[in-house]
There are 2 protein chains.
Amino acid sequence: MDERVPRDFETLRATILDRRASLPKRIAQIAAYALDNPDDIAFGTAASIAASAGVQPSTLIRFAQQLGFDGFTSLQQVFRERLRERNSSYDERLAALRAKAEEGAGHRAIFDGFVAAASTSLSDISRALNDAHFEEAIALLAKAETIYVLAKRRSYPVASYIAYALGKLKIRNQLVESAAGLNAEMIGFATPRDAVIAISFSPYAPATIEETRAIAEQGVPIVAITDSSFSPLAQFAKVWFEVAEADFGGFRSISATMALAMALTVAVGEKRRETGRRRKG
Amino acid sequence: MDERVPRDFETLRATILDRRASLPKRIAQIAAYALDNPDDIAFGTAASIAASAGVQPSTLIRFAQQLGFDGFTSLQQVFRERLRERNSSYDERLAALRAKAEEGAGHRAIFDGFVAAASTSLSDISRALNDAHFEEAIALLAKAETIYVLAKRRSYPVASYIAYALGKLKIRNQLVESAAGLNAEMIGFATPRDAVIAISFSPYAPATIEETRAIAEQGVPIVAITDSSFSPLAQFAKVWFEVAEADFGGFRSISATMALAMALTVAVGEKRRETGRRRKG
DNA sequence: TATATATTGGAATTAATATTTCATATTGGC
DNA sequence: GCCAATATGAAATATTAATTCCAATATATA
């Protein structure tokens, strides 16, 4: 194998497209197949790929050799590497991006970092979400007269989104904002027939904790979204979700929390529709 | 192979975690290795994997058999399938989830749908973001005296997050909220030395459009985040970003917009620090 | 502590897969 | 239309990899 052998998929792809016109019929056939079905090349055996592409295994090997590889196996490595790269653990990618951003690799690295942090967080929560807790939270919120939404600072955007979505779904809700300093009074109206969604992450906003405590003491059931079982919110909550958001450049992602919040909201709307139908029918 | 053999990676993972405690030492060792390095299982040979994990090839096969597979090869299929799946177009996955949710497959499907919508949106924006526009926007915002942040309704959570992050980075900013109905006056203070981040998606909130128009007429440069070149925001903006968010159950994701917003904010902070250093040094 | 049982290591065996070879077919140049 | 060069197909071979087997070791049980 000489030095000009394509080592990464993109180079390989470019090389193939470049030579396409000058390739013999069967070789061109397998070349086209390779670019169209890269996954098959990555996973198949020489025989299976050759069959799918309608050529002989030997043609496949000749194709590889024409490209400078010493056989099908080394060509296949490139196709496998591609899947690995794409799929390389988000954590590793994040670490790499952080290092890149550190050394001043430009602003694109910052953007990539936030995208990676969001993706990591989403795949984490997708794995970690407990179905039973989720159902429980939905049931609890669906039968509430009014849903109070409680969050400050970094979590406030989530709360405001929940309030917006609940509004669109015509579900009565109250966003507990601090603007006029009337939170205590607002909370005072809540009864055990209502429910609360409280969101707070370390370092927990004191106001959120305090208000959650107060409302819990009134017997209002609480669904908490927070970051660990040591969270002060967890002790007040009937149901709580642990959401681990990845951070980048000192700013934590918010995507997993958002996704959970949206799902909760829409599921509650769904549940109410179901229950409503059942009552009527 | 009986019928209870895990066919997909997540089931397999759960099965392994479930039995983890009761597995013999070497089997547990390979089990841990498998979950930590799924890609190696997908691509390696029995011998190479066994060596990396520090066990004998036969142990690897016993591990597979304990899980109900008839050999290493069929276990490996699951790990390969995972790479294929992950790589399969998000659009397809979203469509499948939508169908599932439609037919009332339970609330988990709703959650999965929102996670998938967020992931799709993130990978889309990651591909679509124009580096030059991004740099331009950063430059424009970095030299602003005050950054005005303008968004209502669905986009408001993004605006409130930007305001929070800018605050933490000690960058002067003004969130244009409608609470007290003083937006016009607030906007009146903006000068061409300031800058605006305006966010709006179809159906564009009339207030956002109107305020953006007003502030543009005062010569204040505008960075817009919106959803198409037909957006009324685009015509007022010096730089604008097109963000295509996937939707689920009638609610659009907000993750891509969030990631872009966070990246913009942090990059502006970064740029200011650089410029500051250069001025001093 | 003795015995049965389960687990592990490593070599032998079997299966599979890639590669080579060679006869045959096709193409391009004169 | 003929010859040389090139390309192709199919089977033979060499290589690599998975699996099995059995002896050795460790673990649990009575």
Side-chain angles (χ1 to χ4, degrees), chain A residues 1-2 5-6 12 15-16 19-34 37-81 83-84, chain B residues 1-2 5-6 12 15-16 18-34 37-81 83:
Chain A
M1 237 196 288
D2 78 18
V5 176
L12 177 57
T15 310
I16 293 172
R19 300 200 198 161
R20 186 171 44 176
S22 66
L23 291 174
K25 196 172 69 172
R26 292 266 113 118
I27 307 270
Q29 190 174 326
I30 188 69
Y33 182 87
N37 310 72
D39 287 10
D40 285 3
I41 307 284
F43 290 122
T45 67
S48 71
I49 296 163
S52 305
V55 302
Q56 292 289 327
S58 44
T59 306
L60 179 47
I61 283 151
R62 286 178 198 124
F63 168 59
Q65 288 170 340
Q66 286 218 0
L67 290 166
F69 297 96
D70 53 26
F72 164 69
T73 308
S74 23
L75 168 72
Q76 192 178 40
Q77 291 314 316
V78 176
F79 283 79
R80 292 188 165 183
E81 205 45 54
L83 286 183
R84 261 181 200 239
Chain B
M1 237 194 287
D2 78 18
V5 176
L12 176 56
T15 310
I16 293 173
D18 194 44
R19 299 198 198 162
R20 185 170 44 174
S22 66
L23 291 174
K25 197 172 69 171
R26 293 265 112 116
I27 308 269
Q29 190 174 326
I30 188 70
Y33 182 87
N37 310 72
D39 288 9
D40 286 2
I41 308 284
F43 290 123
T45 68
S48 71
I49 295 163
S52 304
V55 302
Q56 292 288 328
S58 44
T59 306
L60 178 48
I61 283 152
R62 285 178 198 124
F63 168 59
Q65 288 170 341
Q66 285 218 2
L67 291 166
F69 297 97
D70 53 25
F72 165 70
T73 309
S74 21
L75 169 72
Q76 193 178 40
Q77 292 313 316
V78 176
F79 283 78
R80 292 188 165 182
E81 205 45 55
L83 288 184

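Every chain is numbered from 1 and lettered A, B, ... according to where its sequence line falls, protein lines coming before strand lines. Every value quoted in this text rests on a predicted model; they were computed, and no experiment measured them.
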Value in whole Å for how far the P atom of D:dA18 lies from CZ of B:Phe63
15 Å
Could you state the atom-to-atom distance from CG of B:Leu60 to C1' of C:dT8 in whole Å?
14 Å
Sugar-phosphate only, base, or nothing, as touched by B:Ile27 at under 4.0 Å among non-hydrogen atoms:
sugar-phosphate
Rounded off to whole Å, could you give me the CZ-to-P distance for the A:Phe69 and C:dA18 pair?
16 Å
Between B:Ile61 (CD1) and D:dC22 (P), how many Å, whole number?
16 Å
Between A:Gly71 and A:Ala64 the two heavy atoms that sit nearest each other are O-CB, 3.5 Å
Please figure out whether A:Ser22 or B:Ser58 has its closest DNA chain D nucleotide nearer the 5' end.
A:Ser22
I'd like a list of close polar pairs between nucleotides 23-30 of chain C and the protein, N/O only, cut-off under 3.5 Å.
none

Do any side-chain nitrogens or oxygens of A:Arg62 fall under 4.0 Å of OP1 or OP2 in D:dT8?
no
note: B:Ile49, atom CD1; D:dA17, atom C1'; distance rounded to Å ~ 11 Å
At less than 4.0 Å, is any side-chain N or O atom of B:Gln65 found next to OP1 or OP2 of D:dT20? Yes or no.
yes
Heavy atoms only: give me the nearest A:Asp70-A:Gln65 pair and the separation to one decimal.
O-NE2, 4.0 Å
Give me the atom names and distance for the closest heavy-atom approach of A:Ala31 to A:Leu23.
CB-CD1, 4.0 Å
Would you indicate which nucleotide in D:dT19, C:dT19, D:dA7 comes nearest to any side-chain atom of B:Pro57?
D:dT19
Take the protein atom CG of A:Leu75 and the nucleotide atom P of C:dT19, then report the distance between them rounded to whole Å.
10 Å
Validation row, ring centre A:Phe43 to ring centre B:Phe43 under 6.0 Å
yes
Of all heavy-atom pairs linking A:Ile41 and A:Gln76, the shortest is O-NE2, 3.0 Å
Specify the closest pair of heavy atoms between A:Phe63 and A:Ala34, including all atoms of both residues, with the distance to one decimal.
CE2-CB, 4.3 Å
Using whole Å, what does the distance between atom P of nucleotide C:dT17 and atom CZ of A:Phe43 come to?
15 Å
Between C:dT8 (P) and B:Arg26 (CZ): distance, integer Å:
7 Å
Report yes if a side-chain nitrogen or oxygen of B:Thr73 is closer than 4.0 Å to either non-bridging phosphate oxygen (OP1 or OP2) of D:dT19; otherwise report no.
yes
So which atom in B:Gln66 and which in B:Arg19 form the shortest heavy-atom distance, rounded to 0.1 Å?
O-NH1, 2.8 Å
Is the phosphate of D:dT8, meaning OP1 or OP2, less than 4.0 Å from a side-chain N or O of A:Gln56?
no
